[in-house]
Protein chains: 2
Amino acid sequence: MMTAKAKIITAAEALFDRHGFMATGMDRLTAAAGMSSRTLYKHTGGKAALMADVLGERDRRFMRHLDVRSVDALFVALEDWVRTEGARGCLFLRARGETGGDLPEVAQAVAAHKAAFHKRIDEIVTADLGGHGDPALTEQVLVLVEGATAASVYRGPRAVMAARAAAASLIARTRS
Amino acid sequence: MMTAKAKIITAAEALFDRHGFMATGMDRLTAAAGMSSRTLYKHTGGKAALMADVLGERDRRFMRHLDVRSVDALFVALEDWVRTEGARGCLFLRARGETGGDLPEVAQAVAAHKAAFHKRIDEIVTADLGGHGDPALTEQVLVLVEGATAASVYRGPRAVMAARAAAASLIARTRS
DNA sequence: CGGAATGTAAAACGATCGTTTTACATTTTC
DNA sequence: GAAAATGTAAAACGATCGTTTTACATTCCG
């Protein structure tokens, strides 16, 4: 059984991701969620709050998917994500871009995710280096993950494979 | 002197970039361009066409800015772009994401830019390697440029600096 | 059994969307 | 100097936006 709010968020995430946040109207959401607008509003507190909720759920799913212990495994997980979820760019940066940061609830959800994302990559890099942190390398790996996500929109999975190989080179160079 | 269409495109690019394409209404555009909606429509053929025109002009400016002959110079130029133009992510991918690829004129402008962008990076990498092309390295540099553009939204210019250092490592490794 | 509670379907809200039109003023051109 | 062109200001277009309300059906619970 799926709670009403979960059904809304699942449908909204798919529509926001496929058609954009602003281009997706509430009527389309109610149709996809299979409920009246009255019920939808009883569970969501408006579109801006729903956008933030979608991003929160996306953060949970994405971070769980990237629960790995090596940089190489990170890019393997990312390639799997891109192949199964499709490559339409980072949903958080897209939300931020569509709203110009003018919706506080959205801006905060994006900031929270990106902070957690940076921290996660730092943990992975540190673990991969045997517990020895390297902020510069963390930044480079983060750039590669963002770049693979963005570039795979038009270059396909090969962008993730290229990022994986580049990261392996950078790691090997750091180790030696 | 600035032609009416140039004034429209300049104003539209700034507003689209700052607030998003869909969130920017035509009334805001007419106010920013300093003309009536009647005149604006006489010069533009509607919002979708204007979006495509903005992307076309953006492509000209961006590609001219990235007219360099080495990978290191590429990232120097990108850092300069981010510092002077601001970091709000790739406007082309944002346009594509906001419209879901459903506006043919926009989708085509994005595809044309990304094709030219990939070609340009390939030329730079090839020149940097002394005329010896390396598709895999081209893909890695492209991912680094996209990643620096995306990550600098929340990491700032340090993302571009990290990408620059990573690219230098990859180039050096290829050369040896 | 009876009344909250919760749902749906659908109309309606005012606001805003992209776009066109009306009415009028100004500039350019032959 | 009259006509054609081009501009502005502003109203109006139908459509759609996010949101609320009305009217009614169903289910849950004591």
Side-chain angles (χ1 to χ4, degrees), chain A residues 1-55 94-107 109, chain B residues 1-55 94-107 109:
Chain A
M1 170 220 162
M2 202 175 185
T3 166
K5 183 151 191 179
K7 226 189 310 191
I8 296 171
I9 290 181
T10 300
E13 182 181 342
L15 287 174
F16 288 157
D17 186 39
R18 170 65 182 82
H19 299 286
F21 291 86
M22 290 300 175
T24 301
M26 296 301 276
D27 51 349
R28 217 186 226 176
L29 285 181
T30 60
M35 64 187 59
S36 67
S37 66
R38 191 177 202 262
T39 304
L40 189 144
Y41 272 96
K42 194 150 296 182
H43 288 285
T44 59
K47 189 178 185 181
L50 176 56
M51 287 171 58
D53 285 346
V54 164
L55 293 179
R94 287 172 57 198
R96 165 117 202 158
E98 286 210 36
T99 60
D102 295 332
L103 299 184
E105 332 168 61
V106 172
Chain B
M1 171 219 161
M2 203 176 186
T3 167
K5 183 151 191 178
K7 226 189 309 191
I8 296 171
I9 291 182
T10 300
E13 182 180 342
L15 287 175
F16 288 157
D17 187 39
R18 172 65 182 81
H19 299 286
F21 291 84
M22 290 300 176
T24 300
M26 296 301 276
D27 51 348
R28 217 186 225 177
L29 283 181
T30 60
M35 64 186 61
S36 65
S37 66
R38 191 177 201 263
T39 305
L40 189 145
Y41 272 94
K42 194 150 296 183
H43 288 285
T44 60
K47 190 180 185 182
L50 177 56
M51 288 172 58
D53 285 346
V54 164
L55 293 179
R94 288 172 57 197
R96 165 116 201 159
E98 287 209 36
T99 61
D102 295 333
L103 299 184
E105 332 168 60
V106 171

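Keep in mind that this is a model prediction, so the values were computed, not measured. Any value given below was found using the heavy atoms of this structure, including those in side chains, with hydrogens, waters and symmetry copies removed. In what follows, every chain begins at residue 1, and chains take the letters A, B, ... in the order their sequences are listed.
Within 3.5 Å, a donor on the side chain of Ser37(A) pairs with an acceptor on the base of dT20(D), or the reverse. Donor-acceptor pairing under 3.5 Å, judged by distance alone, is absent between the side chain of Arg38(B) and the base of dT19(C).
Distance from the side chain of Tyr41(B) is smallest for dT19(C) among the nucleotides dG18(D), dT8(D), dT19(C). Checking dA9(C), dT20(C), dG7(D) against the side-chain heavy atoms of Lys42(B) singles out dG7(D) as nearest. Listed nucleotides: dG18(D), dT8(D), dT8(C). Nearest to the side chain of Met35(B): dT8(D). Closest to the side chain of Lys47(A), out of dT8(D), dT19(D), dC17(C), is dT19(D).
Both Ala23(B) and Leu40(A) sit near DNA chain C, but only Leu40(A) has its closest nucleotide nearer the 5' end. Nearest-nucleotide positions on DNA chain C place His43(A) closer to the 5' end than the other of His43(A) and Gly45(B).
A distance of 8.5 Å separates NZ in Lys5(B) from CG in Leu50(B), rounded to the nearest 0.5 Å.
The nearest whole Å value for the distance from the CG atom in Leu103(A) to the C1' atom in dC17(D) is 15 Å. Across the protein-nucleic acid pair, Leu29(B) atom CG and dC17(C) atom P stand 10 Å apart, rounded to whole Å. Atom NZ in Lys7(A) sits about 16 Å away from atom P in dT6(C), given to the nearest Å. Rounded to whole angstrom, the span from the CE atom of Met26(A) across to the C1' atom of dT20(D) amounts to 12 Å. Atoms CG (Asp27(B)) and P (dA9(D)) sit 14 Å apart, rounded to a whole Å.
Heavy-atom minimum distance, Phe21(A) versus Glu98(A): N-OE2, 3.0 Å. Scanning both residues, Arg96(A) and Ala107(A), for their nearest heavy atoms gives NH1-CB, 4.0 Å. Among all heavy-atom pairs drawn from Leu103(A) and Ala48(A), the shortest one is CD1-CB, 4.1 Å. Heavy-atom minimum distance, Ala33(B) versus Ile8(B): CB-CA, 4.2 Å.
Within the 4.0 angstrom heavy-atom criterion, only backbone atoms of the sugar-phosphate kind lie near Thr24(A); the bases stay farther away.
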